[in-house]
Amino acid sequence: MPKKELDTFRVSYLSILDEDGNVDKDLEPKLKKPELIELYRQMVWARRTDERMLKLQRQGRIGTFGPSTGQEAAQCAVAFAMKKQDWFAGAFREHGVRLLRGETLTRQLLYYNGQEEGNVNEEGANPRNLPISVIVGAQPLHAVGLAYAMRLQGEPETCAVTFMGDGATSEGDFHEAMNFAAVWNLPVLFVVQNNQWAISVPRSKQTKSATIAQKAIAYGMPGIQVDGNDALAVYVAAAEALDRGRSGEGPTLIEAVTYRLMMHTTADDQYKYRTKEEEDLWWRRDPLVRFRAYLEAKKIWSEKDQEALEEEYRVEIEKQVKAFEGMSGWKPDAPFDHVFGTRHERIEQQRREFLAEIAKEADRG
Amino acid sequence: MAKLNMVQAINLALDEMMAEDPSVVVLGEDVGVDGGVFRVTEGLIEKYGEARVIDTPLAESAIIGTAIGMALAGLKPVGEMQFCGFSYIMIPQLEGHGSRYRSRTHGQFHVPLVMRVPYGGGVRALEHHSESREASLGHFPGVKVVIPSGPRNARSLMRAAILDPDPVVYMEPKRSYRAFKEEVPEAPETVEIGKAQVIQEGTDVTVIAWGAMMHTTKKAVEEIRQARGASIELIDLLTISPMDTETICASVRKTGRLAVVQEAPLSFGPASEIIATVNDHALMHLEAPVKRVCGYDVVTPYFGRENLYLPTLGRARRGIEEVLDF
Ligand SMILES: Cc1ncc(C[n+]2csc(CCOP(=O)(O)OP(=O)(O)O)c2C)c(N)n1
Ligand SMILES: [Mg+2]
């Protein structure tokens with residue numbers, strides 16, 4: 001037999017709302033007015049809280065923090081397409097998803113103030129949110145396990161949605177997760193927020209693939225690239241992927257092309273490796289601006305609505321920051337409570353020593 | 001002579017080695033253009049180019065795995081794990097291969113690589129940015145683990161690590177990176193890996209520490225000396241593995257007393273190993289039970305509670321005094 005072509009592949013790219021807010025009518029999802037407004041409100045909430053956290057960090061009121069400004073569409077529109085029953089296994093830059101799924105700013109501030117209490121799903125937060133995962137690329141595997149467990153336990157229509165960055169796609173765990181998800185034909189949605197940078201390493205040095213989406217094909221699952229600053233495109237791609245998952249058709253990879261408009265974290269100086277001009281280019285693609293233009297063109301949003309929203313959020317943010325700053329009485333030995341689910345004398349003995357030692361420290365002045 | 005902090009001193013050692021030996025290469029996440037998230041590799045890419053200072057894709061296993069290949073073929077790679085908390089991803093390669101090529105081939109192949117691992121708490125960072133895992137890394141036969149405590153020995157240890165024919169994990173106490181400066185001599189120095197250093201001689205008690213705890217312990221020793229005139233022998237361990245039995249035991253034979261200060265969790269740590277070593281070789285010289293001041297066996301708390309959990313000056317001092325007072 002001569003050499004013959006076995007297969008070819010194509011990857012598609014989806015964009016519905018362009019940079020100026022013009023919509024492609026054929027692709028426009030059938031979302032109702034209140035739904036569109038809700039999605040917009042969530043994106044603005046993510047932005048305003050992000051801005052406030054950055055300020056608080058600069059004032060020394062919280063610790064190191066990685067802003068998500070610029071990635072609101074990629075985050076909120078996926079969360080918006082998810083059902084309550086779906087699991088969320090995120091990385092560390094999805095404030096938009098977390099807030100939409102019921103986490104409060106207060107709780108995020110606790111986390112960035114160095115307290116494990118900020119990981120606890122409080123009332124109102126979706127109990128199927130896993131906490132922040134700092135280890136790059138680890139959590140996609142957890143999502144695969146979650147989806148497997150759901151199916152085995154009689155919830156085959158529950159999806160597990162996992163987020164990661166472009167950098168994370170270089171980790172072995174990411175590939176192993178896609179492989180397992182596809183082999184087990186599980187309802188997992190992998191969302192890669194390709195924000196062009198992994199700290200100082202540009203997307204071009206991360207992978208030779210023309211797109212991240214196409215990596216899915218090698219694992220036997222669909223992959224699609226979307227304009228990650230276009231909330232409608234992200235929503236449509238996510239809704240389709242989740243439908244596929246729910247109907248037993250297996251996992252999907254979405255590459256949301258977006259941009260990290262701020263520093264990697266507050267400990268980073270992004271101008272060591274990229275230019276202000278590049279950032280400016282992406283500020284012009286701000287996902288909030290174009291979505292607002294779209295709503296305004298539809299005559300369901302106005303300057304007055306915006307002003308009212310800004311005021312509402314200003315008040316709410318103040319309230320939540322106050323709540324955070326008013327919290328006290330942290331149990332110093334809480335870490336001993338949670339090493340294991342049961343107590344062990346070797347640990348308890350150390351707890352007693354710990355308490356005695358901190359009492360002596362206090363005595364010392 | 002120049003006064004340098006630890007970041008500058010490690011950078012200097014890397015620079016000197018790269019200038020001297022074209023087989024030395026640096027690789028890791030953000031080590032090139034960014035100069036490393038702690039700026040330890042700053043300026044190297046400008047001097048030595050992208051071929052020798054490599055910004056890798058984000059994959060720890062690949063960083064050490066390819067470094068092993070480079071080392072087998074004659075290069076001297078210096079890889080970076082961005083934080084100790086991400087170094088576990090290198091363990092399959094380190095334990096499975098880096099530590100074994102020599103013994104596997106009875107010396108025909110060997111792996112002269114260095115993995116830099118910033119570690120330790122006290123810098124108010126996010127989860128996984130505060131652990132001290134020298135015990136885990138020190139548990140692999142065939143891997144050397146070293147930890148500097150100040151700028152001068154950071155430079156000499158790095159030189160020794162690069163010159164060493166075997167895999168060396170070089171752990172960097174982040175808290176000491178910019179905490180203080182020290183005179184660093186003009187000419188490059190080297191130290192012997194596997195040797196601890198007596199940095200202050202004494203006769204009443206031996207005190208051993210390493211890394212960031214050295215700084216805390218020095219202060220405690222000075223306080224005790226001033227308060228009660230005790231003569232304290234202070235040892236900087238410098239090499240976790242292979243541990244320097246002779247220096248430790250010679251000191252304990254002289255003083256008859258021992259206290260160890262360790263940031264890492266209590267169980268299965270270097271302090272345990274030091275005490276077991278003394279038990280093996282110098283038990284009959286002890287005049288008091290040995291005291292270890294250590295971290296606790298809890299998952300490293302986030303920075304909100306971190307300072308309560310790190311061994312403090314007060315704890316170190318009380319521990320040493322307990323041994324003296326026995
Ligand atoms: C396993 C691991 N290695 C290294 C790091 C340090 N680190 C934190 S974020 C990051 C870059 C991540 O880039 P990407 O996946 O694109 O996500 P982004 O930060 O852009 O959201 C690195 C190297 C880490 N947290 N985990
Ligand atoms: Mg990225």
Side-chain angles (χ1 to χ4, degrees), chain A residues 63-66 92 110-119 131-138 165-173 198-202 205-207 264-265 267-269 272-274 330-336 338-339 344 346-347 350-351 353-354 357-358 360-361 363-364, chain B residues 28-39 42 45 50 54-63 65 82-83 85-86 88-89 92-93 123-130 265-267 293-309 311-315 317-319:
Chain A
T64 309
F65 155 70
F92 45 81
L110 272 183
Y111 176 85
Y112 288 108
N113 197 42
Q115 279 156 305
E116 288 83 351
E117 284 81 353
N119 283 327
I132 281 179
S133 169
V134 173
I135 305 261
V136 167
D166 44 304
T169 68
S170 295
E171 289 282 7
D173 280 0
I199 310 187
S200 72
V201 179
K205 279 196 181 170
Q206 206 61 247
T207 173
H264 169 70
T265 67
D268 174 46
D269 169 15
K272 277 212 71 159
Y273 50 81
R274 73 183 197 193
W330 307 109
K331 191 183 177 202
D333 56 330
F336 287 94
H338 304 293
V339 182
H344 189 282
R346 191 173 169 93
I347 310 287
Q350 290 180 49
R351 184 206 299 265
E353 272 174 41
F354 165 80
E357 288 293 344
I358 61 171
K360 286 180 202 154
E361 288 291 301
D363 282 352
R364 221 170 117 98
Chain B
E29 295 153 12
D30 308 288
V31 299
V33 178
D34 201 37
V37 294
F38 292 107
R39 305 294 180 248
E42 179 126 294
I45 195 167
E50 283 184 18
I54 310 162
D55 269 325
T56 66
L58 207 175
E60 290 71 16
S61 179
I63 292 168
Q82 208 160 71
F83 286 88
F86 314 131
Y88 320 127
I89 308 171
Q93 286 288 342
V123 296
R124 286 177 63 81
L126 291 167
E127 190 176 356
H128 309 295
H129 294 68
S130 316
L266 176 89
S267 297
V293 175
C294 297
Y296 303 97
D297 292 342
V298 298
V299 176
T300 311
Y302 289 8
F303 72 78
R305 289 185 178 84
E306 178 180 32
N307 284 342
L308 297 174
Y309 283 76
T312 54
L313 174 57
R315 274 187 73 201
R317 182 179 163 154
R318 286 190 292 277

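In what follows, every chain begins at residue 1, and chains take the letters A, B, ... in the order their sequences are listed.
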List the atom of [X], the atom of [Y], and the distance in Å for their closest heavy-atom pair.
X	Y	result
B:V33	A:K272	CG1-O, 3.8 Å
B:F303	A:G114	CZ-N, 3.4 Å
B:P57	A:K205	CG-O, 3.7 Å

Could you grab the distance from atom [atom1] of [X] to atom [atom2] of [Y], nearest 0.5 Å is fine?
X	Y	atom1	atom2	answer
A:Q206	B:E29	CD	CD	8.0 Å
B:R315	A:K360	CZ	NZ	9.5 Å
A:I358	B:N307	CD1	CG	12.0 Å

Name the region of [X], side chain, backbone, both or neither, that has any atom closer than 4.5 Å to a heavy atom of chain B.
X	answer
A:V201	both
A:R346	side chain
A:I199	both
A:I135	both
A:A267	neither

Look at the side chain of B:D30 and the backbone N and O of A:S200, then say whether any donor-acceptor pair between them is shorter than 3.5 Å. yes

Quick check: does any side chain N or O of A:E116 sit under 3.5 Å from a backbone N or O of B:P301, one acting as donor and the other as acceptor? no

Could you tell me which portion of [X] (side chain, backbone, both or neither) has an atom closer than 4.5 angstrom to a non-hydrogen atom of chain A?
X	answer
B:E306	neither
B:T312	side chain
B:L308	both
B:T300	backbone

Quick one, A:V134 with B:F86, criterion side chain to side chain contact (heavy atoms under 4.5 Å, CB included). Give me CA distance, side-chain angles, the key distance, then yes/no. CA-CA 10 Å; A:V134 173; B:F86 314 131; 4.2 Å; yes

With a 4.5 Å heavy-atom cut-off, do A:E357 and B:Y296 have their side chains touching? yes

Considering only heavy atoms from C-beta outward, does the side chain of B:V298 approach that of A:F354 to under 4.5 Å? no

Verdict with reasoning, A:E117 to B:R305, per salt bridge (charged side-chain N to carboxylate O under 4.0 Å, His left out): CA-CA 11 Å; A:E117 284 81 353; B:R305 289 185 178 84; 2.6 Å; yes

Determine the option with the most heavy-atom pairs under 4.5 angstrom with chain B, choosing from A:W330, A:Y111, A:F336, A:Y273. A:F336

Could you go through B:L126 and A:F92, starting from their C-alpha distance and side-chain angles, then the distance that decides it, and tell me whether this counts as side chain to side chain contact (heavy atoms under 4.5 Å, CB included)? CA-CA 10 Å; B:L126 291 167; A:F92 45 81; over 6 Å; no

Please enumerate all residues that pass salt bridge (charged side-chain N to carboxylate O under 4.0 Å, His left out) together with B:R39, with sequence neighbours excluded. B:D34, B:E42

Using the ring-ring contact (aromatic ring centres under 6.0 Å, His included) criterion, which residues pair with A:Y112? Sequence neighbours excluded. A:F65, A:H95

